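Contents: one structure, followed by commentary.
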Amino acid sequence: PDLFEAPDYYNLDELLTEEHKLVRDAAREWVKRDISPIIEDYAQKAEFPTQIVKGLADIGAFGPYIPEEYGGAGLDQISYGLIMQEIERGDSGVRSTASVQSSLVMYPIWKYGNEAQRQKYLPKLASGEWIGSFGLTEPDHGSNPGGMVTNFKDMGDHYLLNGAKMWISNAPFCQIAVVWAKNEEGRIHGLIVERGMEGFSTPETHNKWSLRASATGELIFDNVKVPKENLLPNKSGLGAPLGCLDSARFGIAWGAIGAAMDCYDTALRYSKERLQFGKPIGQFQLQQKKLAEMITEITKAQLLAWRLGVMRENGTATSAQISMAKRNNVDMAITIAREARQMLGGMGITGEYSIMRHSMNLESVITYEGTHDIHLLITGLDVTGLNAFK
Ligand code: TGC
Ligand code: FAD
């Protein structure tokens, strides 16, 4: 397709400011020009396209809501959401790189770091000179990060860090990692680990069938000496990393809409062009049902994301509300990808079209940042007051 169709069935544009539309359109144009033409090839090669980093920085995808004094774009939450939506229209893996950099690396340094840390790291992360990663998940602690065993000891003039993180986006090429580890009392803290520190390695995870254009790896800490000034001083406990996840999950709730829009748009076009039994397949009732359900679900997801954006901007969105939008919108997108893929028949399984790639990518998106099941249980806890995790 030469143009993206941007379904807006309920005229959501009326709810957006001129700035929102400018930010969105800049991201949309960039994705159309610099991502869509190359991304299938990189996904097939299982390689992250490093040349796009500067473009991501230019559209404000690295720290959209981080204040300009630290190099961020100083935008609001809905702008952040719209940027994620447009990037994920291109590829969930590219959106992952932006999510991690913004919400999981810049956000904790901005919120939990001191002024020296903000000055040292944020401008370089905003410009894309440095790429960061976020180490929470461990081989034996995924959904239950509170059980983590990565730990650090106070050695007087430095900390000694040991342990391993797994499934870490951007790990293979990150310059810094925000790592969550327990101190000798078992309290979780964030530490900034820099590439080049002795005992720190980042082996890449191979053979993924999903998010192939995003680099995933491990973070291994073998007696790494971390300077004391690299500890994030202003928040500790599991709530600190979970607070970062709130921001990333919000972005994913928007991002998933982009993937769904691209699948819908592709299937809609195809349904008008592909003839079988002497008619466009879009004339068959069964195909119309699929398209009607897709546009309905996209519209509902857009309204959920927009309202959440308003509440997030006001500071009133709860973690449970964010969790619901992440779960609903990713589930919506993965269902649409599957239906849209079928509408393309055999062509749907090829790299000629983006749908199969979106479909496979969304298998990661429905798993990371809290699995679908975990988010169901978060809503379950919120409405019953009864905790399935304890
Ligand atoms: P629980 O006892 O409920 O909570 C511990 C403390 O945290 C507070 N809290 C939150 N704070 C901020 N934001 C949230 N969303 C919060 N949720 C809870 C809570 O109030 C408590 O504070 P305090 O002061 O009382 O100690 O914790 P739990 O151990 O029972 O776990 C709850 C559970 C299961 C919901 C949580 O662990 C969870 O969300 N698990 C899923 C793990 C997850 O999402 N991992 C994501 C890893 S990062 C990633 O996937 C990046 S992919 C990015 C990409 O490539 O795009
Ligand atoms: P598990 O927690 O072992 O879950 C296995 C199954 O059990 C799931 O279906 C789950 O829903 C279910 N389950 C678990 N607990 C319960 C329960 N209480 N009740 C019911 N069912 C339950 N992590 C990071 O820290 N940083 C990153 O940058 C990052 N990037 C990622 C990139 C990719 C491509 C992927 C795939 C993952 C990434 N992750 C990252 C890790 C991700 O957050 C975890 O995979 C996720 O939290 C699930 O953990 P797990 O894989 O250990 O699965």
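Fair warning: this is a prediction, and the values are worked out from it, not measured in the lab. All ligand and atom numbering here is 1-based and tracks the order in the structure.
Taking every non-hydrogen atom of L211 and a distance limit under 4.0 Å, the qualifying atoms of ligand 2 come out as 34 (C). Residue G142 approaches ligand 2 through these ligand atoms, each under 4.0 Å from one of its heavy atoms: 2 (O), 47 (O), 49 (O), 50 (P), 52 (O). The E369 neighbourhood of ligand 2 comprises atoms 43 (O), with distances under 4.0 Å to a heavy atom of that residue. The ligand atoms of ligand 2 that sit less than 4.0 angstrom from a heavy atom of T371 are 10 (C), 11 (O), 48 (C). Within ligand 2, the atoms closer than 4.0 Å to a non-hydrogen atom of L136 are 25 (O), numbered from 1 in the order shown. Remark: ligand 2 atoms within the under-4.0 Å shell around heavy atoms of D373 are 9 (O), 10 (C), 11 (O), 12 (C).
Taking 4.5 Å as the limit, every side-chain heavy atom of I109 sits out of range of all side-chain heavy atoms of M106. Proximity of P241 to F134: side-chain heavy atoms (C-beta onward) are separated by under 4.5 Å at one or more points. Side-chain contact between I131 and Q101 is present, with heavy atoms from C-beta onward closer than 4.5 Å.
Summary of contacts: the protein heavy atom closest to atom 29 (C) of ligand 2 is W167 O, 2.6 Å. Atom 26 (N) of ligand 2 has its closest protein heavy atom at F134 O, 2.9 Å. Taking atom 13 (N) of ligand 2 as the reference point, the nearest protein heavy-atom neighbour is S143 OG, 4.5 Å. Protein heavy atom closest to atom 32 (C) of ligand 2, with residue, atom name and distance, is S169 OG, 3.4 Å. The protein heavy atom nearest to atom 45 (O) of ligand 2 is T367 CG2, 3.9 Å. Of all protein heavy atoms, the one lying nearest to atom 16 (C) of ligand 2 is I374 CD1, 4.0 Å. Looking at atom 24 (C) of ligand 2, its nearest protein heavy atom turns out to be T137 OG1, 3.3 Å. Distance from atom 17 (C) of ligand 2 to its nearest protein heavy atom, with residue and atom name: L377 CD1, 3.9 Å.
Side chain to side chain, N223 and N162 meet the donor-acceptor criterion of an N or O pair below 3.5 Å. Between the side chains of E194 and Y121, at least one donor N or O sits under 3.5 Å from an acceptor N or O. A donor-acceptor pair shorter than 3.5 Å can be found between the side chains of E138 and T150. Side-chain contact of D382 with T379: a donor-acceptor pair under 3.5 Å is absent, judged by distance alone. Between the side chains of R341 and S359, no donor-acceptor pair is found at a separation under 3.5 Å.
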Would D154 and K228 count as a salt bridge (charged side-chain N to carboxylate O under 4.0 Å, His left out) here? Give the steps.
CA-CA 9 Å; D154 190 336; K228 286 202 151 169; 2.7 Å; yes

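For atom 7 (O) of ligand 2, no protein heavy-atom neighbour is present inside the 4.0 Å cut-off. Of the protein's heavy atoms, at least one falls inside 4.0 Å of atom 11 (O) of ligand 2. Taking a distance limit of 4.0 Å, we find that atom 22 (C) of ligand 2 is approached by no protein heavy atom.
Neither the backbone nor the side chain of N144 comes within 4.0 Å of ligand 2, counting heavy atoms alone. Here I168 has heavy atoms under 4.0 Å from ligand 2 in both its backbone and its side chain.
A salt bridge does not link K120 to E229: none of the charged side-chain nitrogens sits closer than 4.0 Å to a carboxylate oxygen. The existence of a salt bridge linking D13 and R24 is confirmed by a sub-4.0 Å separation between a basic side-chain nitrogen and an acidic carboxylate oxygen.
Nearest heavy atoms, G351 versus Q44: CA-NE2, 4.3 Å.
Residues I220 and V224 do not share a hydrophobic cluster, defined by chaining ILVMFWY side chains whose heavy atoms lie under 4.5 Å apart.
Ring geometry for Y159 versus F152: interplanar angle over 60°, hence perpendicular rather than tilted (30 to 60°).
A distance-only check finds no donor-acceptor pair linking the side chain of H358 to the backbone of G258 [under 3.5 Å]. At distances below 3.5 Å, not a single donor-acceptor pair connects side-chain atoms of R327 with backbone N or O atoms of H372.
Of the candidates W180, Y368, F389, the one placing a heavy atom closest to atom 33 (C) of ligand 2 is Y368.
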Once you restrict both partners to nitrogen or oxygen, which atoms of ligand 1 have a protein partner under 3.5 Å, and how far apart are they?
unit_1   : atom_1 : unit_2 : atom_2 : d
ligand 1 : 2 (O)  : K390   : NZ     : 3.0
ligand 1 : 7 (O)  : G239   : N      : 3.4
ligand 1 : 13 (N) : L242   : O      : 3.4
ligand 1 : 13 (N) : D246   : OD2    : 3.2
ligand 1 : 13 (N) : S319   : OG     : 3.3
ligand 1 : 15 (N) : D246   : OD1    : 2.8
ligand 1 : 15 (N) : S319   : OG     : 3.0
ligand 1 : 30 (O) : K390   : NZ     : 3.0
ligand 1 : 39 (O) : R249   : NH2    : 3.0
ligand 1 : 40 (N) : S143   : O      : 2.9
ligand 1 : 44 (O) : R249   : NH2    : 2.7
ligand 1 : 44 (O) : G370   : N      : 2.8
ligand 1 : 50 (O) : E369   : N      : 2.9
ligand 1 : 55 (O) : S96    : OG     : 3.3
ligand 1 : 55 (O) : S169   : OG     : 2.8
ligand 1 : 56 (O) : R95    : NH1    : 3.2
ligand 1 : 56 (O) : S96    : OG     : 3.4
ligand 1 : 56 (O) : Y368   : OH     : 3.2

